[in-house]
Amino acid sequence: MIRKLVIPAAGMGTRMSPFTEVLPKEMLPILDKPVIHYVVSEAYDAGIDDILVVTRSPKTSIINYFTKDVIDSIKGKSGRNLSISFKIADDTKGLGDSIARSEEFVGSDSFLVMLADTFYRNPGGVSVTSQLIDAYSKEKEPLILVESVPPERIKAYGIIAGERLSDNLWVVKDAVEKPEPEKAPSNLAITGSYIFTPEIFDFIKKTKPGRNNEIQITDAIRELCPKSRMLAYKYKGVRYDIGTIDLWIRAFLENAKQDRRFAEYFNR
Ligand code: G1P
């Protein structure tokens, strides 16, 4: 049911400067592949076949990376199509604005948004992106992926206020971008995967610059949720956020330790 994915990758990568002057954070390697590869591959395996990457012109390495060989390797023997297109947005005013640049690509379809500085693993189980798409097929309402975070991580994320429907499902009542822990409405953090209907674009257009003077997708959700039902889904699995150097090191090492190719190195 969901075939389109938008990857907003037009940020400046300020938190990870100076290397982000020349290398987009989405291109940081986890073992032998950049993070964005894992994001595209998991989305493709969950049924996505049409992807738009919104990026900025100094970040051409993302565009160069997705050669025919790489796309073929992601497709494997599935026999399904995979189209990846790019939109340059040098003047983007934040995450919400980058997502807004996909309006033409999205058309009238519900669509998936995934940030490419986060990827998931659920060994032996259903992939996290498939869980989100399955939940959408069942609920038929827009969904945000969330996880519980400890108090000290709250101010790194968008945080929702929710009314619990079941073990892993909430109705979103509010969303606040990077609150102080004592002011946060809960500990449920937005992890960076969303399923929207095109209605979100009207709300982004009405959203004024918020935190960091940027147009935040969390603020658009805040405006949308009292008017249109939106759900939050808590996934099963492990998430690797590579948005800061310490988190990237953790992601790299944990993935290396689980990979047989490097067993000898870690058992030394
Ligand atoms: C963005 C969003 C935030 C979300 C986070 C997930 O923040 O603005 O709401 O919780 O991604 O990683 P960023 O990490 O780009 O600062």
Side-chain angles (χ1 to χ4, degrees), residues 6-17 20 24-28 30 35-36 38-39 42 53-56 59 62 89 92-101 112-121 128-129 132 142-162 170 172 174-181 183-196 200 203-204 207-225 230 232-235 237-248 250-251:
V6 174
I7 300 181
M12 305 280 275
T14 328
R15 269 197 306 256
M16 297 179 105
S17 180
T20 40
K25 64 176 172 179
E26 295 83 359
M27 289 299 290
L28 270 179
I30 295 292
V35 179
I36 195 168
Y38 296 92
V39 174
E42 175 161 312
V53 182
V54 180
T55 188
R56 61 174 65 237
K59 295 172 79 168
I62 297 181
T92 176
K93 296 176 204 70
L95 179 58
D97 188 34
S98 296
I99 294 171
R101 308 300 173 100
L112 175 65
V113 171
M114 288 174 83
L115 306 189
D117 60 1
T118 277
F119 68 104
Y120 306 90
R121 292 258 198 239
V128 171
T129 303
L132 182 67
L143 284 155
I144 320 175
L145 202 64
V146 293
E147 69 179 19
S148 304
V149 292
E152 66 276 13
R153 297 287 305 147
I154 281 182
K155 61 177 186 308
Y157 296 109
I159 303 289
I160 66 142
W170 287 259
V172 178
D174 197 4
V176 189
E177 180 66 4
K178 305 197 171 95
E180 290 301 322
K183 290 198 182 134
S186 76
N187 69 341
L188 289 174
I190 299 172
T191 64
S193 295
Y194 317 75
I195 292 178
F196 292 121
I200 192 69
F203 288 90
I204 299 176
T207 300
K208 302 212 162 51
R211 187 162 276 274
N212 292 339
N213 206 24
E214 291 177 356
I215 298 183
Q216 299 290 349
I217 190 64
T218 307
D219 293 341
I221 293 169
R222 177 170 225 186
E223 292 301 316
L224 181 144
C225 68
M230 177 157 229
Y233 176 82
K234 191 172 171 181
Y235 65 89
V238 182
R239 184 173 74 93
Y240 294 105
D241 180 340
I242 59 102
T244 57
I245 291 291
D246 56 333
L247 291 173
W248 171 66
R250 181 197 141 219

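Both counts, for ligands and for their atoms, begin at 1 and track the order of listing. Numbers here simply count residues along the sequence, with the first being 1. In what follows, every heavy atom counts, from backbone to side chain, and hydrogens, waters and symmetry copies are set aside.
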Given 3.5 Å as the limit, does a donor-acceptor pair link the side chain of T218 with the main chain of A175, or not?
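Checked: no pair found.
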- Item | Check: R211 side chain, K178 main-chain N or O, donor-acceptor pair, under 3.5 Å |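 Present.
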- Chi angles and distances behind the side chain to side chain donor-acceptor pair (under 3.5 Å) call for T92, R56: CA-CA 8 Å; T92 176; R56 61 174 65 237; 5.7 Å; no
Practice item. With sequence neighbours excluded, tell me which residues meet ring pair (Phe, Tyr, Trp, His ring centres under 6.0 Å) with Y120. Key: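 Testing Y120 for ring pair (Phe, Tyr, Trp, His ring centres under 6.0 Å), a comparison that skips the adjacent residues, returns Y235.
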Requested in this report: Answer yes or no: is there an ion pair linking R101 with D97, defined by an N-O contact shorter than 4.0 Å?
Outcome: yes
Could you list, one pair per line, each nitrogen or oxygen of ligand 1 together with any protein nitrogen or oxygen closer than 3.5 Å, giving atom names and the distance rounded to 0.1 Å?
{"unit_1": "ligand 1", "atom_1": "7 (O)", "unit_2": "K178", "atom_2": "NZ", "d": "3.3"}
{"unit_1": "ligand 1", "atom_1": "8 (O)", "unit_2": "E177", "atom_2": "OE1", "d": "3.4"}
{"unit_1": "ligand 1", "atom_1": "8 (O)", "unit_2": "E177", "atom_2": "OE2", "d": "2.7"}
{"unit_1": "ligand 1", "atom_1": "9 (O)", "unit_2": "G158", "atom_2": "N", "d": "3.1"}
{"unit_1": "ligand 1", "atom_1": "9 (O)", "unit_2": "E177", "atom_2": "OE1", "d": "2.7"}
{"unit_1": "ligand 1", "atom_1": "9 (O)", "unit_2": "T218", "atom_2": "OG1", "d": "3.1"}
{"unit_1": "ligand 1", "atom_1": "10 (O)", "unit_2": "G158", "atom_2": "N", "d": "2.9"}
{"unit_1": "ligand 1", "atom_1": "10 (O)", "unit_2": "I190", "atom_2": "O", "d": "2.6"}
{"unit_1": "ligand 1", "atom_1": "14 (O)", "unit_2": "R15", "atom_2": "NH2", "d": "3.1"}
{"unit_1": "ligand 1", "atom_1": "16 (O)", "unit_2": "R15", "atom_2": "NH1", "d": "3.1"}
{"unit_1": "ligand 1", "atom_1": "16 (O)", "unit_2": "K178", "atom_2": "NZ", "d": "2.6"}

When R222 is tested against each of I160, V176, T207, I217 for side-chain contact (heavy atoms from CB on, under 4.5 Å), which residue passes?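 The single option meeting the side-chain contact (heavy atoms from CB on, under 4.5 Å) with R222 is V176.
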